[in-house]
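Here is the structure we will look at, set down as structure tokens.
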Protein chains: 2
Amino acid sequence: MNRRITSEDVARLAGVSQATVSRVFTAGASVSTKAREKVERAASELGYTPNALARGLTQRRTGLIGIVTGDLTSLYDTQLLSILCGALRAEQWQPLLMRTARTDETGGAMLEAMAYQVDAIIVAAGSVSPTIVSETQTYHTPVIMMGKGETAGVDTICCDNAYGVRLVARHLLAGGHRRIAYIGGNPAAFSEQERRHCFTEALEAQGASLFASASGDYSYESGQAAALSLLTAPTPPDAIFCGNDTIALGAMDAARHILGLKVPRDLSIIGFDDITMAGWPGYRLTTIQQPMDKTVSAAVNLLQRRFAGEELPPQAIRIPTSLVIRASSRAPDLV
Amino acid sequence: MNRRITSEDVARLAGVSQATVSRVFTAGASVSTKAREKVERAASELGYTPNALARGLTQRRTGLIGIVTGDLTSLYDTQLLSILCGALRAEQWQPLLMRTARTDETGGAMLEAMAYQVDAIIVAAGSVSPTIVSETQTYHTPVIMMGKGETAGVDTICCDNAYGVRLVARHLLAGGHRRIAYIGGNPAAFSEQERRHCFTEALEAQGASLFASASGDYSYESGQAAALSLLTAPTPPDAIFCGNDTIALGAMDAARHILGLKVPRDLSIIGFDDITMAGWPGYRLTTIQQPMDKTVSAAVNLLQRRFAGEELPPQAIRIPTSLVIRASSRAPDLV
DNA sequence: CTGAAAGCGCTTACAG
DNA sequence: CTGAAAGCGCTTACAG
């Protein structure tokens with residue numbers, strides 16, 4: 001057979017109407033046990049599965065969730081994606097993955113997802129112009145932006161950067177550090193701006209100040225390069241806080257393997273995210289934990305409420321952060 | 001407006017028939033310049049994009065490609081996924097991501113993808129029973145299995161495991177190693193079976209034999225545990241070849257940080273895949289490179305040919321492998 | 001509970 | 001080149 005099996009085929013074999021076949025595959029529709037049995041027998045004999053596209057055309061829901069990610073080069077993004085996909089699957093939602101290579105592709109990717117009538121879009125990358133936001137609002141499709149603070153018109157889920165970096169500042173100062181540097185991620189990213197800003201403020205609130213800083217792009221290589229330039233300066237920093245763990249791993253490798261420094265004896269290094277590798281014995285990175293499972297379940301909950309038709313204003317959810325002390329930072333009591 | 005804009009709306013505004021609107025958005029359809037202009041103006045004014053679902057229902061093609069992956073915990077899988085998604089996007093194909101948590105979910109995930117009328121399915125995880133294969137063949141949907149050798153009825157793309165592990169055997173023996181161990185991945189995986197088998201054979205072909213071996217599940221933790229047990233035996237191995245890089249990183253960290261061994265002085269470690277981290281200065285892992293871009297472009301090419309209707313028998317493509325010598329293995333000339 | 005029929009938003013022969 | 005109409009495979013009021 002060169003044609004897909006349709007509900008019509010099943011109906012014919014089962015001796016019922018096509019509508020009855022449809023009802024058997026529609027949760028909550030009323031069908032007699034007898035009819036249901038005939039249909040199920042016929043369906044399994046023919047190997048019938050309802051066409052999700054046709055179903056999506058008639059119902060309001062397709063079960064498709066658009067996920068806009070960056071280039072998936074970041075270990076954090078990748079771990080988040082994995083957890084997110086697992087959670088979506090548990091809800092029987094299918095992720096339509098829009099991987100963007102550049103941050104300005106985000107808007108386009110959202111519109112492409114819309115073309116497939118996705119029930120919602122989760123944006124985990126790049127930033128979105130207000131024009132795009134208002135454009136997507138015409139579609140009445142829920143949009144959740146991850147890693148972004150309050151944004152007009154859409155839901156956002158973000159970790160508590162301010163609290164996290166405050167913990168870092170306190171920890172480093174308690175560790176006796178006075179030349180504290182910062183290596184940031186992509187300057188255009190919200191998380192970078194917030195982390196840098198709040199970290200600087202937190203130091204100042206405690207009577208200290210940022211000693212030096214550099215910018216990267218959240219990559220390992222950028223962490224290496226930035227660390228190298230900071231550490232070879234006439235007066236190098238004695239601690240580096242990094243915008244994410246990947247940068248921190250690059251910085252640590254540069255300090256140890258290129259410059260021959262001991263971490264944390266010569267230098268404390270702290271990251272942000274708590275990706276799996278931060279706990280590996282080769283790194284044992286002190287970092288701010290950003291609980292990915294909580295982020296994901298907040299997203300799923302929000303979608304459930306929106307799908308249920310609840311009329312709530314755009315949410316700006318913050319997920320709590322915490323400090324995970326490992327071996328890459330000087331312990332306060334040893335000073 | 002609470003309703004999506006349809007081609008009907010555009011037609012009304014542009015003063016043409018709905019069919020003409022459709023033609024403007026269908027590549028290769030003939031429309032007069034005048035009509036095209038009117039339609040394009042109206043479409044952009046209304047913010048119209050064709051409904052990809054409705055289009056998919058009438059055409060043979062949806063532009064959707066189902067991708068069945070494992071739990072995305074593996075660094076190799078994740079890097080491959082990233083490259084794959086980039087390549088699909090370049091073709092205007094959208095990946096419908098089916099992330100499975102257990103290997104026996106593969107078949108179900110394929111059928112779910114089928115329900116969305118995907119144009120093809122790329123399976124990059126788990127194994128598939130012959131029943132599922134024949135079931136999917138009824139749908140006439142191309143299926144490509146990655147990381148699998150020749151399989152009846154479907155296309156496969158796999159790296160040249162045999163050649164790769166032969167290079168490892170030769171390299172280790174040339175390095176003077178005589179107690180060579182192997183830590184495998186998931187015993188149910190094709191790649192594991194092939195690598196283990198061919199590695200054992202390669203050693204024997206060169207007059208040596210496998211000294212010890214252990215099984216893991218391709219994870220970092222399993223690499224650590226297996227290395228620990230092998231290296232604390234009365235006579236430990238002096239070299240370990242690992243079924244993938246992630247295992248090798250775990251093994252290396254266990255050797256160095258838990259047992260205090262020097263790599264490669266006390267022990268050579270070799271991996272498989274050549275993931276990004278294998279080149280990081282903290283590891284500098286000697287490994288077999290499996291070119292992901294070639295794997296991906298082979299898949300894209302194959303899909304293009306299948307979509308074009310070419311009648312070719314199931315392909316069993318092998319991608320060449322090569323040895324990347326870094327610092328985790330003893331150099332032959334130093335012995 | 002069940003069938004006939006309209007409709008979801010497109011594409012594509014079929015005439016003209 | 002263009003319009004009217006059939007059809008893709010479903011769901012869902014509407015009657016009965």
Side-chain angles (χ1 to χ4, degrees), chain A residues 1-40 42-43 46-64 114-119 139-141, chain B residues 1-40 42-43 46-64 114-119 139-141:
Chain A
M1 67 203 69
N2 214 324
R3 200 172 45 77
R4 300 293 281 259
I5 310 295
T6 71
S7 55
E8 197 65 55
D9 300 322
V10 177
R12 209 171 304 128
L13 180 60
V16 299
S17 74
Q18 180 271 329
T20 298
V21 175
S22 171
R23 289 195 182 94
V24 169
F25 287 91
T26 304
S30 49
V31 199
S32 67
T33 325
K34 188 167 262 168
R36 177 178 298 276
E37 275 169 3
K38 282 193 295 186
V39 168
E40 279 171 350
L46 296 175
Y48 169 73
T49 320
N51 180 324
L53 256 43
R55 173 174 275 181
L57 201 58
T58 52
Q59 288 181 141
R60 292 196 88 58
R61 302 270 295 268
T62 58
L64 253 24
M114 295 283 187
Y116 281 89
Q117 318 303 112
V118 294
D119 293 336
Y139 293 89
H140 297 278
T141 301
Chain B
M1 67 203 72
N2 213 325
R3 200 173 43 77
R4 299 293 280 257
I5 310 294
T6 71
S7 55
E8 197 66 54
D9 301 322
V10 177
R12 209 171 305 128
L13 180 61
V16 299
S17 74
Q18 180 271 329
T20 297
V21 175
S22 172
R23 289 195 183 94
V24 169
F25 287 92
T26 303
S30 48
V31 199
S32 66
T33 324
K34 188 167 259 167
R36 179 178 298 278
E37 274 168 4
K38 283 194 293 185
V39 168
E40 278 171 352
L46 296 174
Y48 168 74
T49 320
N51 181 323
L53 256 43
R55 173 174 275 183
L57 202 57
T58 51
Q59 290 182 139
R60 292 195 89 58
R61 302 270 296 268
T62 58
L64 254 24
M114 295 282 186
Y116 281 89
Q117 317 302 112
V118 294
D119 294 335
Y139 292 88
H140 297 278
T141 302

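Numbers restart at 1 for each chain; the letters A, B, ... are given by sequence-line order, proteins then strands.
Looking at residues two or more places apart in sequence or on another chain, you find a side chain to side chain contact (heavy atoms under 4.5 Å, CB included) between Ser32(A) and Lys34(A), Ala35(A). Taking Thr141(B) as the reference, nothing meets the side-chain hydrogen bond (donor to acceptor under 3.5 Å, both in side chains) condition, with sequence neighbours excluded.
Ala54(B) and Leu57(A) make their closest contact through CB-CD1, 3.8 Å (heavy atoms, listed as atom of the first residue, atom of the second, distance). Residue Ile5(B) comes nearest to Gly47(B) through the heavy atom pair CG1-O, 4.5 Å, listed as atom of the first residue, atom of the second, then distance. In this structure, Gln117(B) and Thr62(B) approach most closely via the heavy-atom pair O-OG1, 2.9 Å.
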Checklist line | Per-nucleotide protein contact string for nucleotides 10-16 of chain D (B base, S sugar-phosphate only, - none; heavy atom under 4.0 Å) | finding: BBBB---
Enumerate donor-acceptor pairs with a distance under 3.5 Å from any side-chain N or O in residues 13-30 of chain B to protein atoms, sequence neighbours excluded.
residue	atom	partner	partner atom	Å
Ser17(B)	OG	Ala19(B)	N	3.4
Ser17(B)	OG	Thr20(B)	N	3.3
Ser17(B)	OG	Thr20(B)	OG1	3.2
Gln18(B)	NE2	Ser7(B)	OG	3.0
Thr26(B)	OG1	Ser22(B)	O	2.8

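Taken from CZ in Arg12(B) to OG1 in Thr6(B), the straight-line distance is 7.0 Å, to the nearest 0.5 Å. Separation of atoms CE (Met114(B)) and CZ (Arg4(A)) is listed at 7.0 Å; rounding is to 0.5 Å.
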Check: So what does the secondary structure string of DNA chain C come out as, 5' to 3', with Watson-Crick or wobble pairs under 3.5 angstrom, [ ] for crossing and | for pairs with another strand?
Finding: |||.||||||||.|||
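Protein atom CG of Leu53(B) is 10 Å distant from nucleotide atom C1' of dC8(C), rounded to whole Å. In this entry the distance linking CZ of Arg12(A) with C1' of dG9(D) reads 13 Å, nearest Å. A straight line from CD of Gln117(A) to P of dC8(C) spans 13 Å, rounded to a whole angstrom.
Looking at residues 30-38 of chain B, you'll see Ser30(B), Val31(B), Ser32(B), Ala35(B) sit with a heavy atom under 4.0 Å from some atom of DNA chain D.
Residue pairs meeting the side chain to side chain donor-acceptor pair (under 3.5 Å) criterion with at least one partner in residues 48-57 of chain B, sequence neighbours excluded, are absent.
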